[in-house]
Amino acid sequence: MSTVSMEPLLYRSVRESVRYAPISRTFKPSSWSCSTNHKLVFHARSFCNFRSSNVHALRASTTTDTDIFETLESTDVFFKETFPLKRKETVEGKIFIRLDQGQNNGNWQLTVGCNLPGKWILHWGISRAEDGGSEWDQPPDEMRPGGSIPIKDYAIETPLKKSLSSEGDALHEVKINLIPKSAIAAINFVLKDEETGAWYQHRGRDFKVPVADYLLDDGNLVAAKRSFRVWPGALGPLSNLLIKAEVSRANGSESSNESREAEQKSRSLEGFYEEQPIAKQVAFDNSVTVSVRKCPETAKNLLYVETDLPGDVFIHWGVCRDDAKTWEIPDAPHPPETVSFRDKALQTRLQPKEKGDGCSGLFTIEEGLQGFLFVLKLDKGTWLKCMENDFYIPLSRSSSLLAKSRQDLPESAQIPESAQIPEKNAKANEEASLSAFTNGIINDIRSLVTDISSEKTRKNKSKEAQESILQEIEKLAAEAYRIFRSSIPTFTEEAVVEFEKKPKSPVKISSGTGTGFEILCQGFNWESHKSGKWYLELKKRASELASIGFTVIWLPPPTESISPEGYMPRDLYNLNSRYGNVDELKEIVKIFHEVGIKTLGDTVLNHRCAHYQNHNGIWNIYGGLLNWDDRAVVADDPHFQGRGNKSSGDNFHAAPNIDHSQDFVRKDLREWLRWLRKEIGYDGWRLDFVRGFWGGYVKDYLEASEPFFAVGEYWDSLNYTYGEMDHNQDGHRQRIIDWINATNGTAGAFDVTTKGILHSALERCEYWRLSDHKGKPPGVVGWWPSRAVTFIENHDTGSTQGHWRFPGGKEMQGYAYILTHPGTPTVFYDHIFSHYRSEIAALISLRNRNEIHCRSTVQITKAERDVYAAIVDEKVAVKIGPGHYEPPSGSQRWSLAVEGKDYKVWETSQ
Amino acid sequence: MEVSVIGCSQAKIGKTELAYRELGCFDPKGVSKAFSAKSRVCFSPSTRWRKAGIRFTLRAVQSEAVRSEKVAASSRISRSRDGVRLFVGLPLDSVSDCNTVNHARAIAAGLKALKLLGVEGVELPVWWGIVEKEAMGKYEWSGYLALAKMVQDAGLKLHVSLSFHASKRPKIPLPEWVSRIGESNPNIFFTDRAGQHYKECLSLAVDDLPVLDGRTPIQVYHEFCESFKSSFSPFMGSTLTGISMGLGPDGELRYPSHHMLTKSKQIPGVGEFQCYDKNMLGILKQHAEATGNPLWGLGGPHDVPTYDQSPNSNNFFRDNGGSWDSLYGDFFLSWYSNQLISHGNLLLSLAASTFSESAATVCGKIPLMHSWYKTRSHPSELTAGYYNTTTRDGYEVVAEMFARNSCKMILPGMDLSDEHQSRASLSSPELLLADIKKACRKHGVEVCGQNSSASMAPGGFQQIKKNLLGENIVDLFSYQRMGAYFFSPEHFPSFTQFVRSLNQPELHSDDLPEEEEETAHSLNVSSEASVHMQAV
């Protein structure tokens, strides 16, 4: 019963899901499970109240007709795009109920019909005179028209047949022959539209046609009257989908008058005819086409907007000068019938076309503007927008901009339309639709507030509402935090605080850090899948890795995958991969546990390959245990035609990206991670491509799966100026830190910044780069050491792929740096089993001996062209680079502990 | 109709049950479990507490709240309907000195988050030094108007703090032209015994002196208020519901007695009297002569400690036999505090009359000088201008002055609890707060609470809640203040928790059947928790 109530709140996620989702999923049991019938009556009523929150949807998907595009290019049209608009509109019609004597003399016939299009089903039963006419029962076989299906043991469903009325209009009707002398008191029914799954009732209750009077003698009048009552029991489970038959109060009383008249007549055996107005949402396909052309004479842009939307269409528009998409009012002249709207936008009525439906408008836009922003307003205060964004049309003809704008445009947009929100909200709505930064949530809150007229209604709503509101709040807060913080650098302070705090409780375990003393081993490379028995091979190395001093091993992605390396997963519950089968996996985890090494599962949550194609031939339908459909796929990657929401991060274009904003997706993924923990014994996660979705979801997953350790791969490009890497990579590390923050610190992240800076420093002999302008390490490790997982190479950057290989021959300098510095260091498999092995082992042993941990303090003592030196926790000194450095000879006595090409590490001797 | 329903209900039981069974969700326990699991996901109280390392305490407190809620359900629920209205302060530098909105997008997102949280409105400091920056009478409201519009669009209320002082962090100076005048005539500033000027607000002694290019500060303030009123008339009463009048240093009605304190963790000193600017001394002299003790009017007390010192390091504040308890002490302290009160009265009556028709409440803020409260002389309060000692109630007359002007009193420090104060400072924020509230209650002055603006004190939220839910005198709380820390993962979740717990009664009325189970559950946890805590 909460589904309908949820609509306005979760329009992003559950929009239209009603039609597809199995009832069990959308049905959220609440207090009614213990309610009495009396209570249920109330529920039935409150549905009626709800129906008013009628949500219309508009989907716009971008299709670019390349042919047109090319041909028009010659005529200076540099942008043309058509957005098909699938608009839902409430159409009114009627349900009619007729009781008359059929041709076959003497037999009464009940006709129920409807003049709206749809796949109508009559869900009906009878009441018998003997049980007071209040129970639903199945009618005798003779009464059931052809095509009827029994539903449980108390109702049947009969489809309405299409026929033509006397006026020639299409209508749907079903005829039921009544059997004389049977003890039927009444026929109960509701009407269902299979297309939309909507149920139509009579003012929140079943339709009830008392027939006893007609069939038996007149003596049972009281019974007939009494039988006109609610019987809500059977409707309880169905009513979550109920949509109110729109009966205004006035109409209602009229029709009951009518029916009373009808009753009067019927006593003289004349039958009756009654009509009920109903409203249904019918989808209309419209489109809006926008083309932009350079006017050769004036160098202005001519923008032509054309739509086939019926009726008056207003376009609210403005222009913007930058990517922020801030609305501005362009200079006059404006097209005719343009008014200024709250100094923020212009409102222009589109001119009706001369022939045919629709209307259009021509706008002249000055040069130098970046984009044209608009939303459409239909009559009745209905706003059509692109998701929560405005339509955005780029005005520059440069191809890069064009491409960019294409990406910006949501490929599939769903627009909340609130035609029936009470008057006072309409105004709020207008305002909201104007801001480029709008979200509908606040409006929803308002409509929520207005909807809280009945206690019970509120009860259903508030829980769901709270959850989605809280998520929204968290997102907004994270956004606000990011911006506030970026203007005030506070991270160095935080890092210091951390240093102070840590030594007091060095073994506090959190999923972002483990114990704080972890040393990771990446236990595979890009070729590991080749043998098909990697688990068996790696297993043999377990005790060796433990003796080197590793505490955590990162195992390859375990799921069935389209690609042999495992990063294109398909069936998440199938753990037979090219690395070995599920039993071998369990075995290797067990063996590592025996030698005291925790195991990380490499989980790919960003994307998932599909099993099947949809009707368009697009691969976005899933099989296996998690048989999701295209609602689980983000909407903004045109290759996969997802019906989910827009991605909360960057897109990985090779596979359908999962829409983590969907509750069912998150629930499934949480369960999956818990299952992996329990079934396989993984201790934590290495999270692939976390740029692809909001870190807040990661937090959710981590809190559900409670890993010992988790690290995310947030890999994006460093900042370069003129091909040379910037010294200041604060922007880069800030993005990583923002992600960690979004996870609430529940996960660490690979310190890509540090790797990048090491590249430059070592390759070009620019060791000064290893100190930022505040004298801290310049990577993530300088700002948030405990969450920085440092590394110099992995299966992507190195191995046989070599996308971003560490400067050759200088790996040990890299390891001397990360294995002596705070953060959680990771050593790549290829390096361990190479000639570097003994040096790496010596460094790890030194790290463990000196109890350097992820929050150790680092004091940079030298950062010059050819040498970098630092003292960590006042007990380990390290220098890398060819230049000369000796630790200060003060109170401490330093002794050289490890030495190699261009690096030296000292420790204090007690 | 209902009668008939009841009449046939029995016949239906069988079928109803059947229906439930088919849905597989008959078990009410399962239902409630599903929900509790859900709520954990979104608010994740348990995990957060765990991380904070204080899970058990907080849980326990939470369940206590539930328990008391059940006991006093009726009264609390009725109260919560309009309950305590919560405001959140916007960043001090929301509007830059060139009149643009700073971090507008962050504020926009923040406003939305607050609205969704159910916060009533925001408090916005409006700086004299920004609006009337360049020249007297040249007002520039655009930045603040833009911000007010944002607040209005977000559907929030606005409470404006007219700030006639300067701020050190972030740096917001007095108007340039005022500073220029101050350079040539430093006597417009408060001055201490050593002759140091406090240049962040004008001395109250010049209130009625034409020191600002021939106009008195009061006139200048008045014109500022008038200009504000006309510029903000579109918001007045609808969005703009409160105006707080800046009364002195940091907007508070006090002397800047503690401004020279070194900022360290050491115990705050007693502060110093600020009566040494030329005009103050003149008034003092006059007053002394008028009361027949001309020798008392030559300066402030000679035997006071310096800023950082403790009360006993000199004679004036000593518990026993200190000069404060002498005739001279009474003479000086009465005069010193009366000056402050009449200054407050001047400004509040000005504000009250200016905004009398504007449907916005006028407020003034007083400080919570809680250090040394447990001594007899209350030196911190004395130097700040509050003649409140163990033998004299100094807040009566302040509350009376607020009442006379029908102004609301803003009281900071609602987050401070005695147990977190350093013992050596003999401080008691709780007792002092109770003192002031008592005076307010007596004179019917409404109180608007605030937390001390620094980052949240330990146990602060609990303390605020205690202060808010305890009595009815505080109907509005203005939480300080939006910014990076406010939205940080360390702070924001607990703030969310706090807001939700303020509204808790409302939630419970929704969810009674399930909540009862939850209550039982959390009670278990808390008893378990206490065991754990003892074990630790």
Side-chain angles (χ1 to χ4, degrees), chain A residues 24 27-31 33-34 36-38 41 131-132 134-135 152 154 226 229-231 233-234 236-237 428 431-432 435 437 439 441-442 445-446 458-459 462-463 466-467 469-474 476-485 487-488 490 508 510 699-700 703-704 741 744-745, chain B residues 1-2 4-9 11-12 15-16 18-20 22-28 30-31 34-35 38-44 47-48 51 53 91 102-103 105-110 112-113 115-117 153-155 482-489 492-493 496 507 510-511 513-514:
Chain A
S24 61
F27 177 64
K28 303 269 165 53
S30 73
S31 73
S33 56
C34 54
T36 61
N37 284 322
H38 180 73
V41 173
D131 53 37
S134 57
E135 276 287 4
K152 308 263 160 46
Y154 55 85
R226 211 206 294 147
R229 71 172 71 114
V230 193
W231 189 85
E431 281 170 26
S435 105
F437 195 57
N439 62 47
I441 288 284
I442 288 189
I445 298 296
R446 290 184 190 158
R458 178 158 145 238
K459 182 171 181 162
S462 60
K463 284 212 178 74
Q466 274 170 27
E467 186 177 344
I469 292 168
L470 279 168
Q471 279 179 6
E472 189 63 26
I473 290 172
E474 280 188 21
L476 287 166
E479 162 89 357
Y481 179 52
R482 190 177 60 72
I483 306 170
F484 271 129
R485 216 229 0 254
S487 52
I488 317 158
T490 54
K508 195 181 83 185
S510 94
K699 166 174 163 262
D700 184 15
E703 284 173 356
N741 248 320
N744 208 7
Chain B
M1 195 193 304
E2 275 169 16
S4 69
V5 170
I6 292 161
C8 61
S9 66
K12 252 172 257 164
K15 195 149 275 180
T16 321
L18 187 77
Y20 290 143
E22 279 153 12
L23 282 159
C25 58
F26 183 57
D27 172 22
V31 169
F35 274 112
K38 212 169 218 177
S39 65
R40 203 174 311 133
V41 170
C42 52
F43 322 138
S44 56
T47 40
R48 283 217 181 92
K51 222 165 288 147
N102 269 337
H103 17 250
R105 286 192 54 205
I107 291 178
K112 268 173 203 151
K115 177 68 186 174
L116 293 180
L117 259 179
D153 288 348
M482 190 190 281
Y485 173 75
F486 180 83
F487 286 112
S488 70
F492 194 71
T496 313
L507 296 182
D510 278 344
D511 310 334
E514 281 135 28

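Chain letters run A, B, ... following the sequence lines, proteins first and then strands; every chain starts at 1.
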Engineer: Please determine if A:Glu472 and B:Lys112 form a salt bridge, counting it only when a charged side-chain N lies under 4.0 Å from a carboxylate O.
Structural biologist: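 A salt bridge is absent here (no side-chain N lies under 4.0 Å from a carboxylate O).
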
Engineer: Looking only at non-hydrogen atoms, find the nearest pair between B:Ala106 and A:Ala480 and report the distance.
Structural biologist: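 Closest pair (atom of B:Ala106, atom of A:Ala480, distance): O-CB, 3.6 Å.
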
Engineer: At a heavy-atom distance under 4.5 Å, which candidate from B:Phe486, B:Phe492, B:Phe487 has the highest pair count against chain A?
Structural biologist: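 Among the listed options, the one with the most contacts to chain A is B:Phe487.
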
